[in-house]
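Note sheet for the following structure.
Below, chains carry the letters A, B, ... as their sequence lines are ordered, and counting in each starts from 1.
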Protein chains: 4
Amino acid sequence: MTSKEKNHPDPQRALERRQQVLDAAKICFSRSGFHGASMAEISKAAGMSAGHIYNYFDSKDAIIAAFVQQNMERVGLILSDVEQHADPLQAIYDSLEQSVLRQLDPVFWTLPLEVFAEASRNPVIAALVRAADVVSHDRLRAILLRGRALRGLPLLAVELDGRMEVMIAMFQGLHLRALHNPSLDVAAVTAALRLAFRPLLMDK
Amino acid sequence: MTSKEKNHPDPQRALERRQQVLDAAKICFSRSGFHGASMAEISKAAGMSAGHIYNYFDSKDAIIAAFVQQNMERVGLILSDVEQHADPLQAIYDSLEQSVLRQLDPVFWTLPLEVFAEASRNPVIAALVRAADVVSHDRLRAILLRGRALRGLPLLAVELDGRMEVMIAMFQGLHLRALHNPSLDVAAVTAALRLAFRPLLMDK
Amino acid sequence: MTSKEKNHPDPQRALERRQQVLDAAKICFSRSGFHGASMAEISKAAGMSAGHIYNYFDSKDAIIAAFVQQNMERVGLILSDVEQHADPLQAIYDSLEQSVLRQLDPVFWTLPLEVFAEASRNPVIAALVRAADVVSHDRLRAILLRGRALRGLPLLAVELDGRMEVMIAMFQGLHLRALHNPSLDVAAVTAALRLAFRPLLMDK
Amino acid sequence: MTSKEKNHPDPQRALERRQQVLDAAKICFSRSGFHGASMAEISKAAGMSAGHIYNYFDSKDAIIAAFVQQNMERVGLILSDVEQHADPLQAIYDSLEQSVLRQLDPVFWTLPLEVFAEASRNPVIAALVRAADVVSHDRLRAILLRGRALRGLPLLAVELDGRMEVMIAMFQGLHLRALHNPSLDVAAVTAALRLAFRPLLMDK
DNA sequence: AATGAATGAGTTTTCATTCAT
DNA sequence: AATGAATGAAAACTCATTCAT
């Protein structure tokens with residue numbers, strides 16, 4: 001992020017190469033974990049010599065950090081749909097089934113788990129994760145405030161934040177449930193989730 | 001997993017030695033992660049030579065597996081209190097604050113995160129995690145069934161399971177929240193959690 | 001050493017480019033040593049791409065060799081002053097203080113030390129160093145012969161050579177003294193040097 | 001020297017292994033220089049795997065430092081003979097030929113040159129070299145003071161130090177002469193050296 | 001039962017050199 | 001003439017595992 005970026009005369013190409021590495025890293029990290037994936041493995045997947053990767057990243061740690069940043073940024077996408085909705089509270093409630101399906105897909109939780117484990121030991125990654133969380137948090141807060149205002153449901157900021165934490169905990173927790181119990185019944189979980197979300201979203 | 005157990009003349013002592021290693025491993029894994037912890041580090045913490053550890057474990061992976069098995073089993077302990085309560089639904093509801101405090105303590109989520117990340121890649125660990133989950137699941141189901149029966153709140157098995165998944169997801173998700181947002185307000189989260197748990201526990 | 005010179009259409013320009021590289025190399029070698037300086041470092045200092053340098057030098061070793069040759073040749077400059085003096089023996093004697101000051105300046109001994117170390121391992125460099133020494137030697141011999149002739153102090157060639165070796169050893173040794181003892185007293189060393197040089201220069 | 005020495009249960013054996021490595025390093029450093037010698041080369045010469053060397057040394061730099069320290073310490077040996085002599089000034093004077101022979105032997109100057117070049121860039125090595133120099137310096141000063149006292153030739157400390165510096169410069173410079181001019185005439189150099197040393201040793 | 005010396009394969013990283021453009 | 005992207009071989013170093021004692 002910061003660091004001594006090499007001066008690439010063709011920044012477009014450099015960006016492509018960086019992305020090429022990050023895409024390869026995604027596959028390798030997914031398959032072997034951050035520490036199980038070797039530079040050799042990544043370079044092979046990227047179709048580029050290991051040495052050359054160092055023209056675009058200072059170290060393997062820098063690749064991990066860039067990868068985490070890029071993938072954390074994408075988390076926000078889920079909120080985009082809801083954001084534009086006229087009645088966001090209802091929109092969230094209605095989209096719960098889709099959200100459950102999404103959260104239970106292994107493709108979507110393998111890498112986050114790796115990231116979280118890394119964050120619990122590596123302060124650089126922890127900072128990235130937290131920064132991304134602040135962003136999502138703020139967006140969700142804005143959405144909920146608007147939704148509650150529409151329906152005449154004001155709420156103390158601290159209370160709203162507590163409810164948000166619990167809602168997010170449920171979503172992120174579903175990742176872990178998918179890992180622990182691959183034979184989860186999606187319909188039943190969705191029904192239960194509605195039960196839990198209704199008061200969190202709509203109660204005074 | 002079990003595999004070719006060496007023939008130890010004094011099986012009692014062998015068990016003690018294994019435990020000595022697993023206790024040391026816990027400290028090291030917590031500090032450095034499964035892959036960051038070296039056999040040298042573990043052997044030092046265990047007060048035992050690295051070579052000797054191989055008399056009790058086939059490989060480092062076997063230590064990880066044994067460690068995971070042992071530590072997954074302990075998760076159940078949380079349920080013990082509730083199990084013996086006359087009105088378990090109320091007991092769960094009343095203990096939510098304590099549960100939140102517990103789930104937010106880094107001491108309690110560092111290792112689980114490590115385990116989950118490993119499980120998402122290593123099928124042996126995944127199987128252990130799932131087996132342990134089945135056990136906790138069954139115990140919780142029994143508790144809830146008893147509680148609901150007491151209050152005359154029957155429920156289809158599949159529906160109950162869906163609610164359980166969501167409740168567990170919330171708890172496990174709190175681990176992740178603690179990681180993402182270290183400045184969480186415990187009181188607000190507890191209040192929100194009560195809001196969400198009431199229907200999950202008590203609704204028809 | 002000379003080897004397969006590329007055919008440069010504009011030999012004048014080629015020479016300039018070579019010099020540009022050698023000047024950059026001097027800075028880099030001084031800072032990092034022959035083996036510590038990378039081609040990237042040199043190319044950056046030379047304001048020329050690393051690849052292009054290979055149009056003027058066959059290899060990094062060739063740069064080192066060319067560098068050594070050029071810088072050894074310059075050693076002779078010190079003798080120029082004395083050479084033109086009417087009474088060279090007196091001139092040498094009188095300039096001792098200046099010489100000491102010069103020899104103790106790190107700027108003047110860092111690179112020679114690098115060269116000598118390389119020469120002790122690399123026969124190509126050793127040959128260059130020896131060839132340059134022969135030249136300086138011959139010039140100094142001519143100066144001393146003239147000086148002694150003026151004063152009526154003939155001496156056998158072999159004896160004169162012995163004295164010259166000792167005088168040069170003293171000078172070159174001062175390089176090493178500066179390295180070993182950075183708090184040298186210049187005045188005291190100069191006085192001692194005069195004591196030692198008088199018989200070497202003037203005794204029958 | 002300082003650093004995290006591994007705890008070796010058999011210190012005798014550990015010392016032997018360290019020495020085994022240092023002896024191998026001497027050969028390799030002599031042949032290829034500090035930076036030209038690879039750990040693989042050293043490990044082969046030491047008859048020990050490269051990895052194992054790291055049980056005795058923290059890094060290659062630590063090997064270089066240990067090597068330098070050990071070899072600097074030996075420099076003092078030359079003074080031992082003179083130290084015990086009844087008339088040390090005469091002893092130094094009489095042993096000049098032997099000293100010249102010694103200083104001109106490539107075996108004795110290859111490694112010092114390497115050390116000096118390293119010292120000019122590496123502060124750790126520079127410190128070792130300077131510390132060793134202080135020791136030799138102090139010993140030589142004691143010898144000279146005793147010798148001059150015997151002969152009734154008192155001298156200001158600063159003046160004596162200046163003369164010592166010049167004498168040592170000559171000796172160390174002879175290393176460089178041997179490198180520059182392999183066909184040196186030993187007898188002639190010795191004669192010249194006597195001419196220069198007489199006043200340095202004996203003048204008031 | 002217990003040690004830790006020893007190995008060798010594997011790790012990340014650097015760098016002289018080549019070559020398409 | 002000139003670039004710098006790209007390579008591949010080698011560097012220092014780590015570590016799970018073995019085995020003589």
Within the 4.0 Å heavy-atom criterion, would you say [X] contacts the bases, only the backbone, or no part of the nucleic acid?
X	value
D:S49	base
B:A37	sugar-phosphate
D:A62	nothing
B:S43	nothing

Over how many whole Å does the gap from [X] atom [atom1] to [N] atom [atom2] extend?
X	N	atom1	atom2	value
A:H35	F:dC15	NE2	P	11 Å
D:I63	F:dA11	CD1	P	14 Å
B:M39	F:dT17	CE	C1'	8 Å
A:K60	E:dT13	NZ	C1'	12 Å
D:I53	F:dT14	CD1	C1'	14 Å
C:K44	F:dG4	NZ	P	13 Å
C:D10	F:dA2	CG	P	10 Å
C:E16	F:dA2	CD	C1'	16 Å

Open item on the list: Please compare B:G51 and C:A50 by the position of their nearest nucleotide in DNA chain F and report the one closer to 5'.
Closed with: C:A50

Task: Under 3.5 Å: donor-acceptor pair, side chain of C:N71, backbone of C:F67 - done: yes

Open item on the list: Go nucleotide by nucleotide along DNA chain E from the 5' end; which of D:M48 and C:F34 gets its closest nucleotide reached first?
Closed with: D:M48

TODO: Taking the six-membered ring for Trp and the single ring otherwise, decide whether the centroids of A:F34 and B:H35 are under 6.0 Å apart.
DONE: no

Picking from [options], which would you name as closest to the side chain of [X]?
X	options	value
D:Y54	E:dA5, E:dT13, F:dT14	F:dT14
A:S38	F:dA12, E:dT11, E:dA1	E:dT11
A:R17	F:dA6, E:dA6, E:dT12	F:dA6
A:Y56	F:dA6, F:dT3, E:dT17	F:dA6
B:H52	F:dA16, E:dA1, E:dT7	E:dA1

Ignoring backbone atoms, test whether [X] places a side-chain nitrogen or oxygen under 4.0 Å from the OP1 or OP2 oxygen of [N].
X	N	value
D:H8	E:dG4	no
D:R18	E:dA5	no
D:R13	E:dA6	yes

Task: Pair partner, F:dA9 [Watson-Crick or wobble, under 3.5 Å] - done: E:dT14

- [ ] Any strand is fair game: report the nucleotide pairing with E:dA1 by Watson-Crick or G-U wobble, both distances under 3.5 Å, or none.
- [x]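 Its partner: none found.
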
TODO: Decide whether B:S120 and A:E114 meet the rule of one side-chain donor and one side-chain acceptor closer than 3.5 Å.
DONE: no

Considering all heavy atoms of both residues, which atom of [X] and which atom of [Y] are nearest to each other, and what is their separation?
X	Y	value
D:F116	C:L113	O-CD1, 3.8 Å
B:A25	B:I63	CB-CG2, 4.1 Å
C:Y54	C:S59	CE2-CA, 4.0 Å

